[in-house]
Amino acid sequence: MITRLNFIVGLIFLLLLIFHLPAFGDRGFKVIDKGDSKLKEKRIALVIGNSDYKSSPLKNPVNDAEDISRTLKRLGFEVTLGKNMTRKEMFFAIRDFGKALNEGGVGLFYYAGHGMQVKGRNFLIPVKTEISSEEEVEYEAIDAGLVLRKMANAGNSMNMVFLDACRDNPFARSFRSVNNGLAQMDAPSGSLIVYATAPGSVAADGEGRNGIFTKNLLSNLETPGLEISKLLKKVRADVQKETADKQVPWESSSLTGDFYFSMDVRIKLGRSMGDKGLNKKDSTRFPGMVFIPAGRFDMGLDPYGDYPDGIGEWTKDETPNHEVKVSGFFIDQYEVKQADFENVMGGNPSKLRDDNRPVDSVTWFEASQYCDKKGKRLPTEAEWEKAAKAGQNFLFPWGNRFDETQGNFCDRNCDSDKKFDDGFKDTAPGGSFPPNHFGLYDMSGNVWEWVNDWYAFYYYRTSPRTDPQGPGEYDKENSGNKVVRGGGFTNGPGQLRTTSRHDLKPEGRFEFVGFRCAKPASE
């Protein structure tokens, strides 16, 4: 009786997880962020930027926090972003952050805004606070030591604190004694504390969108294969150069292991998989194209593996997940733009006219003809998916959790019930959103992309494991349709996954379909 009851409860729970939605519209897809299979640790971040101070407002911190948050999400972090927070809001955010750290993994705290030291203790200044004397600071501000204590109590594998909080003390006139910048704090075991400038010194807010320290941090965070100690040395050198040695970032560390924000894609696809990796000749051989090295990767979706949530009947053509070996090839960095298409083909079929937008309403035959005239061809499904995953094996090109800022999708411009606006009513100019780890743009969203393969629903069950080409033109399993990949501006997250595939009539014209070309490396 108990066994039967357990079975019924489990079945009900499984059914609640499943989303079974229309075949080609906005198919919702809920995902669990389990991170890269090569990076086992969970990554959690709390990012705060305070700018709107009544006394001495700052220009950059909110921008800094937004950009850091966006970058960390691409790097696999679960990020909580706080902007212009009061003391109460900051306190509860830090408390929740501490609870999340108890689950283990890597913790990162980033703060940009006013900060000050009082009697050797560092305080982060909330907005909407009035401090008239030193004695009031501990009651009106947040002790930075609270963050360190939360991290120490969690006992997780690694913790990092980034403090871009060394601006001038906005309440200095009210204080009997004035100490510039922040005081040095000792990093608890397994922790790293990074200051925008040396203890006791003042950092610049910056003339552009970001503060000088954060600008240089952002430019280095996503560099593949850069271990954190080397990353910080690079940031320090860049900041010193930009400020003529007036600002020198500083850190206090008790780390005992290595940490990489971004793994080296060349190592993963090259040395670990028998390829010799990228070289200068490969990367510059065909301008406008990106070289994808030969190697194996996991193609398709495993419904019983890393992503158990949201698997429905409509994803079965993406299964089974199987290892595929693909020869080296080149692929266009951008979807083919209308101006380029018209220059080669002498016409432009697009309904959404703009020279810098991807060509749309193009048939598979026209796309194939364009690539042929350029000395290229359409990519195979396997090539396209390998390029989209960029060695990360994520559900999306940027990670396992959907991020509205990473691609052009169905937002409130096509669904009034949705709140997010990605800035585009339909297609966007190429390069409007961040590239994946291979430097390829719009592998998710904007327009679906024709590939060379014919479509068969169960093809993955029998497909070759080396350079699969799709079913034959006259194969009995062939639907008579060609495959499109990547999702478009009319689709929700479910269609923007790296494994998502659909079939369309090759002679059809659809304003949400375009393409990019590929070329074998052997040519």
Side-chain angles (χ1 to χ4, degrees), residues 19-29 31 292 297-303 305-307 310-324 326 331 335 363-364 367-368 378-390 392-397 402 407 409-410 436 440 442-465 467-473 475 477-506 508 510 512-516 518:
F19 290 82
H20 185 82
L21 297 169
F24 195 63
D26 179 7
R27 299 192 286 193
F29 197 90
V31 296
I292 311 299
F297 80 105
D298 289 331
M299 185 174 183
L301 188 72
D302 180 2
D306 291 336
Y307 320 116
I311 302 301
E313 291 292 325
W314 54 271
T315 61
K316 283 190 175 180
D317 66 344
E318 302 170 30
T319 63
N321 177 258
H322 55 292
E323 186 180 76
V324 173
V326 177
I331 191 166
E335 294 166 330
T363 70
W364 180 91
S368 183
L378 289 171
T380 66
E381 267 204 273
E383 289 172 338
W384 188 96
E385 188 170 319
K386 187 172 192 286
K389 288 183 173 178
Q392 303 299 309
N393 202 29
F394 285 154
L395 203 56
F396 302 96
F402 184 71
F409 72 108
C410 176
N436 71 0
L440 300 170
D442 297 315
M443 296 303 287
S444 279
N446 217 19
V447 289
W448 288 83
E449 299 178 16
W450 289 114
V451 296
N452 195 59
D453 301 24
W454 295 98
Y455 176 85
F457 189 90
Y458 294 112
Y459 178 66
Y460 285 6
R461 297 183 181 183
T462 59
S463 66
R465 294 302 188 254
D467 291 325
Q469 305 291 311
E473 184 174 357
D475 193 297
E477 297 293 336
N478 178 1
S479 66
N481 292 348
K482 288 287 187 176
V483 178
V484 289
R485 301 295 299 257
F489 69 91
T490 61
N491 303 113
Q495 296 277 10
L496 269 62
R497 295 172 293 107
T498 54
T499 61
S500 183
R501 57 198 297 256
H502 198 76
D503 63 313
L504 292 172
K505 294 294 182 185
F510 311 92
F512 47 80
V513 176
F515 70 101
R516 74 180 75 215

Next item on the list: Answer yes or no on whether Arg501 is positioned over the face of Tyr460, meaning its NZ or CZ is under 6.0 Å from the six-membered ring centre and within 45° of the axis.
Entry: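 Yes, a cation-pi geometry.
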Check: Could Lys482 and Trp450 be counted as a cation-pi pair, given that NZ or CZ must be under 6.0 Å from the ring centre and within 45° of the axis?
Finding: no
Check: Would Asp317 and Tyr455 satisfy side chain to side chain donor-acceptor pair (under 3.5 Å), going step by step from the backbone distance to the final call?
Finding: CA-CA 10 Å; Asp317 66 344; Tyr455 176 85; 2.8 Å; yes
Of all the heavy-atom pairs spanning [X] and [Y], show the shortest one and how long it is.
{"X": "Glu335", "Y": "Val447", "value": "OE2-O, 3.1 Å"}
{"X": "Leu496", "Y": "Pro397", "value": "O-CD, 4.4 Å"}
{"X": "Trp448", "Y": "Ser500", "value": "CH2-OG, 3.9 Å"}
{"X": "Leu504", "Y": "Asn481", "value": "O-CB, 3.3 Å"}
{"X": "Thr498", "Y": "Glu385", "value": "O-CG, 3.5 Å"}
{"X": "Gly480", "Y": "Trp454", "value": "O-CZ3, 3.6 Å"}

For the [atom1] atom of [X] and the [atom2] atom of [Y], what is their distance to the nearest 0.5 Å?
{"X": "Leu395", "Y": "Leu301", "atom1": "CG", "atom2": "CG", "answer": "7.0 Å"}
{"X": "Thr363", "Y": "Phe510", "atom1": "OG1", "atom2": "CZ", "answer": "10.0 Å"}
{"X": "Thr499", "Y": "Asp298", "atom1": "OG1", "atom2": "CG", "answer": "12.0 Å"}
{"X": "Phe489", "Y": "Asp442", "atom1": "CZ", "atom2": "CG", "answer": "12.5 Å"}
{"X": "Lys316", "Y": "Phe457", "atom1": "NZ", "atom2": "CZ", "answer": "7.5 Å"}

Minimum side-chain heavy-atom gap [X]-[Y] below 4.5 Å:
{"X": "Val484", "Y": "Val451", "answer": "no"}
{"X": "Arg516", "Y": "Ile331", "answer": "yes"}
{"X": "Trp384", "Y": "Met443", "answer": "yes"}

Notebook entry, point to check: Would Ser368 and Leu378 count as a side chain to side chain contact (heavy atoms under 4.5 Å, CB included) if you check the C-alpha gap in whole Å, the side-chain angles of each, and the deciding distance to 0.1 Å?
Noted result: CA-CA 6 Å; Ser368 183; Leu378 289 171; 4.1 Å; yes
Within the side chain of [X], is there an N or O that forms a donor-acceptor pair under 3.5 Å with the backbone of [Y]?
{"X": "Asn436", "Y": "Ala387", "result": "yes"}
{"X": "Arg497", "Y": "Gly494", "result": "yes"}
{"X": "Asp503", "Y": "Ala456", "result": "no"}
{"X": "Asn491", "Y": "Gln495", "result": "no"}
{"X": "Asp453", "Y": "Glu381", "result": "yes"}

Check: Between Phe409 and Asn446, is a side chain to side chain contact (heavy atoms under 4.5 Å, CB included) present by the stated rule, with each step listed?
Finding: CA-CA 7 Å; Phe409 72 108; Asn446 217 19; over 6 Å; no
Next item on the list: Dump the intermediate steps for ring-ring contact (aromatic ring centres under 6.0 Å, His included) on Phe396 and Phe402, then the final yes or no.
Entry: CA-CA 7 Å; Phe396 302 96; Phe402 184 71; 5.4 Å; yes
Next item on the list: May I ask you to say whether Glu449 pairs ionically with Arg485, meaning some side-chain N is under 4.0 Å from a carboxylate O?
Entry: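 No, no charged N to carboxylate O under 4.0 Å.
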Check: Can you check side chain to side chain contact (heavy atoms under 4.5 Å, CB included) on Arg465 and Ser463, steps first, answer last?
Finding: CA-CA 6 Å; Arg465 294 302 188 254; Ser463 66; 3.5 Å; yes
Margin query: When you compare the side chains of Gln469 and Thr380, does any donor N or O come within less than 3.5 Å of an acceptor on the partner?
Written below: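 No pair is found: no donor N or O on one side chain lies under 3.5 Å from an acceptor on the other.
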